K.L.:
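Encoded as structure tokens, here's the structure I'll be asking about.
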2 protein chains.
Amino acid sequence: MTDIMIVAIMRHNRLREMSMDSVCPHNNTFHCGDCRMNALCLPLALQTKEVERLDEIIQRGKPLQKDHHIYHAGEEFNSVFAVRSGSIKSYTISNNGQEQVTGFHLPGEIFGMDGIGQNRYTNSAVAMETSAVCEIPFNRLQDLSIAIPTLQRHFFQLMSLEITGDQQLLSLLSKNTAEERVATLLMSISNRNLRRKLSATRFRLPMSRADIGNYLGLTVETVSRVFSRFQKQTLLKVDKKEVELLNLDKLRELAN
Amino acid sequence: MTDIMIVAIMRHNRLREMSMDSVCPHNNTFHCGDCRMNALCLPLALQTKEVERLDEIIQRGKPLQKDHHIYHAGEEFNSVFAVRSGSIKSYTISNNGQEQVTGFHLPGEIFGMDGIGQNRYTNSAVAMETSAVCEIPFNRLQDLSIAIPTLQRHFFQLMSLEITGDQQLLSLLSKNTAEERVATLLMSISNRNLRRKLSATRFRLPMSRADIGNYLGLTVETVSRVFSRFQKQTLLKVDKKEVELLNLDKLRELAN
DNA sequence: TCAGAAATTTGACCCATATCATGTGGATCT
DNA sequence: AGATCCACATGATATGGGTCAAATTTCTGA
């Protein structure tokens, strides 16, 4: 779920001009039709009438504090989720007790699909900062998918993109150097920000160095060193979690 | 899609006693209802009547020679496939030109789902030995999924299992040693064989050492050395592609 | 606002695996 | 049956990133 996600998003890039301020995310009368993630979230391929039906089944939650879990691995699966604001981390605990970060989810992205296969979540999902998510009960989504074939298709596509994204990550982990891995993550976030009409060059990394390392199969120390090296080569500037990408071409080349 | 696949299969373990000889795989009048993979393939959750409808849309191919490609990355996506006999390898070519093996598919398993997201395959699929596959046109499968909700659900599950399988592989690559990776692959194949009522301890590896290494993020040399070491420790016996697992407990422990 | 904890950075050293090199056996072609 | 090739094995050496240690910065909570 890194680069590949972007493709899906790009294909439906009809973002609204509406700013975040024009809606109240704490308001439960809030609807998909008004959400600024509208065009890159689940409703992306639907007609107004259909969006209303989707709207009916979606439950909007209160803001979640940092470190609040949305679900834990092993719990019964009932819903998938969409990120409305903030950012979410997915991770599993492997049989030998180690955490493995499996994904970072930004606004407009769907997570929780890992639970479908076994009717229980295999990942845990936790808010990396104050966040809001929409809950989509899966049984009702399935029913609606039967009534709205476009939605069925779209959901199949979302899952397929998750598969290809994971496979790209596999390739990254098995063939690329530490620098290439970090550059790839940075470019992925940059691209995803661009799709949301945010800056592609200046942004805040919502995750810790430890999470980055875990996700990329590196130690914290290595991640830190790579950032330092990149900074020395003026590829970017980092100040705590704030990054500014100074040489997109070179970073893109590293990310390949 | 390694270990996790097994879970799906286990949950529907009502294998037929019918032997491979009792059906003719080259015969196009061959039906799902007669296939010995029946109980662990797509029909697994369907009623007899429903299987007949699935049967109608499935196209059975002639045997494929070793190295024959079923599709290439980049080609238009139209169908997913089920392995009837033999074994299939999926792989991608990364941006920097290197091959990345993304999966090995054994009889009863479905592949090609990576193509759904972008309407073109992101992987190439090739027969590792003489094989036969069933082609399932995806549009017709989608239509049928609307008529048979169980099928929709099952297909969602299959895709989800592919996601969780890839995620387990991610964890394996980012956290485990060469020995643990090889042991994990061996146990995965062993378990998948068991589900097909084949020996869990004696089998033929359909893939080369190079493919194993590529899949597990190791070089050929390392794979070869691990096999030698395992043999020295009498965990197994290898002769060319034939393996006999001698100490399942220890291997399982390594695979964790 | 300060103390203690947690996150990040940096350095020194080490090791698992990659790389390079060479050998061997089995398969395929002529 | 010899020649060529390819998969596999094994030894010698190199190295990227891990591990361990310690300093520094940032966060948190009373």
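To find a chain, count down the sequence lines: A is the first, B the second, and so on, and within it residues start at 1. Computation of the quantities below employed the complete heavy-atom set of this structure, encompassing side-chain atoms and omitting hydrogens, waters and symmetry-equivalent molecules. Nothing here was measured: the structure is a model prediction, and the numbers come from that model.
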K.L.:
Cation-pi check, Lys89(B) to Tyr91(B): give yes when NZ or CZ is under 6.0 Å from the six-membered ring centre and within 45° of the ring axis, no otherwise.
P.N.:
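Flagged: Lys89(B) positioned over aromatic ring of Tyr91(B).
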K.L.:
Based on the rotation axes of five pairs at each end, what angle does the helix from dT1(C)-dA30(D) to dT30(C)-dA1(D) bend through, to 10°?
P.N.:
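So the angle between the two local helix axes works out to 60°.
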K.L.:
Under 3.5 Å, is there a donor-acceptor pair linking the side chains of Asn214(B) and Lys175(A)?
P.N.:
yes
K.L.:
How many whole angstroms separate atom CD1 of Ile212(B) from atom P of dA7(D)?
P.N.:
13 Å
K.L.:
Looking only at the side chains, is there a donor atom on one of Thr164(A) and Asp114(B) sitting less than 3.5 Å from an acceptor on the other?
P.N.:
no
K.L.:
Measure from CG on Asp211(B) to C1' on dA7(D) and round the result to the nearest Å.
P.N.:
11 Å
K.L.:
Rounded off to whole Å, could you give me the CD-to-C1' distance for the Gln98(B) and dA18(C) pair?
P.N.:
13 Å
K.L.:
Is Glu135(A) salt-bridged to Arg60(A), going by a charged N under 4.0 Å from an acidic O?
P.N.:
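Result for this pair is no, no salt bridge flagged.
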K.L.:
Under 4.0 Å from any atom of DNA chain D, heavy atoms only: list the residues of residues 221-230 of chain B that qualify, in numerical order.
P.N.:
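The answer is Glu221(B), Ser224(B), Arg225(B), Ser228(B).
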K.L.:
Would you tell me whether Thr177(B) and Arg181(B) have side-chain atoms, one donor and one acceptor, within less than 3.5 Å of each other?
P.N.:
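Their side chains do not contain a donor-acceptor pair, so the 3.5 Å distance test is not met.
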K.L.:
According to the interplanar angle, ranging from 0 to 90°, do the rings of Tyr121(A) and Phe77(A) count as parallel (below 30°), tilted (30 to 60°) or perpendicular (above 60°)?
P.N.:
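Perpendicular, since the angle between the ring planes exceeds 60°.
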K.L.:
Has Ser208(A) got a side-chain N or O lying under 4.0 Å from the OP1 or OP2 atom of dA7(C)?
P.N.:
no
K.L.:
Heavy-atom contacts under 4.0 Å between residues 234-243 of chain A and DNA chain C, which residues?
P.N.:
Lys240(A), Lys241(A)
K.L.:
For the pair made of CZ in Arg209(B) and P in dT10(D), what is the distance, rounded to whole Å?
P.N.:
11 Å
K.L.:
Taking NZ, NE, NH1 and NH2 as the nitrogens, is one of them in Lys66(B) or Glu129(B) under 4.0 Å from a carboxylate oxygen of the other?
P.N.:
no
K.L.:
Please step through salt bridge (charged side-chain N to carboxylate O under 4.0 Å, His left out) for the pair Arg209(B) and Glu221(B), ending with a clear verdict.
P.N.:
CA-CA 9 Å; Arg209(B) 300 287 189 273; Glu221(B) 293 94 324; over 6 Å; no
K.L.:
Before giving the answer on salt bridge (charged side-chain N to carboxylate O under 4.0 Å, His left out), spell out for Glu179(A) and Arg229(A) the whole-Å C-alpha distance, their side-chain angles and the decisive distance to 0.1 Å.
P.N.:
CA-CA 9 Å; Glu179(A) 296 198 351; Arg229(A) 240 177 288 155; 2.7 Å; yes
K.L.:
Whole angstrom is fine here: how far is it from CG in Asn214(A) over to P in dA7(C)?
P.N.:
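Checked: the CG to P distance equals 13 Å.
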K.L.:
Would you call Glu244(B)-Arg202(B) a salt bridge at under 4.0 Å N-O?
P.N.:
yes
K.L.:
By the 4.0 Å heavy-atom rule, please label Gly217(B) as base, sugar-phosphate, or nothing.
P.N.:
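Sugar-phosphate, no base atom in range.
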K.L.:
Can a donor-acceptor pair be found between the side chains of Ser90(B) and His105(B) at a distance below 3.5 Å?
P.N.:
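Present: a donor and an acceptor within the cut-off.
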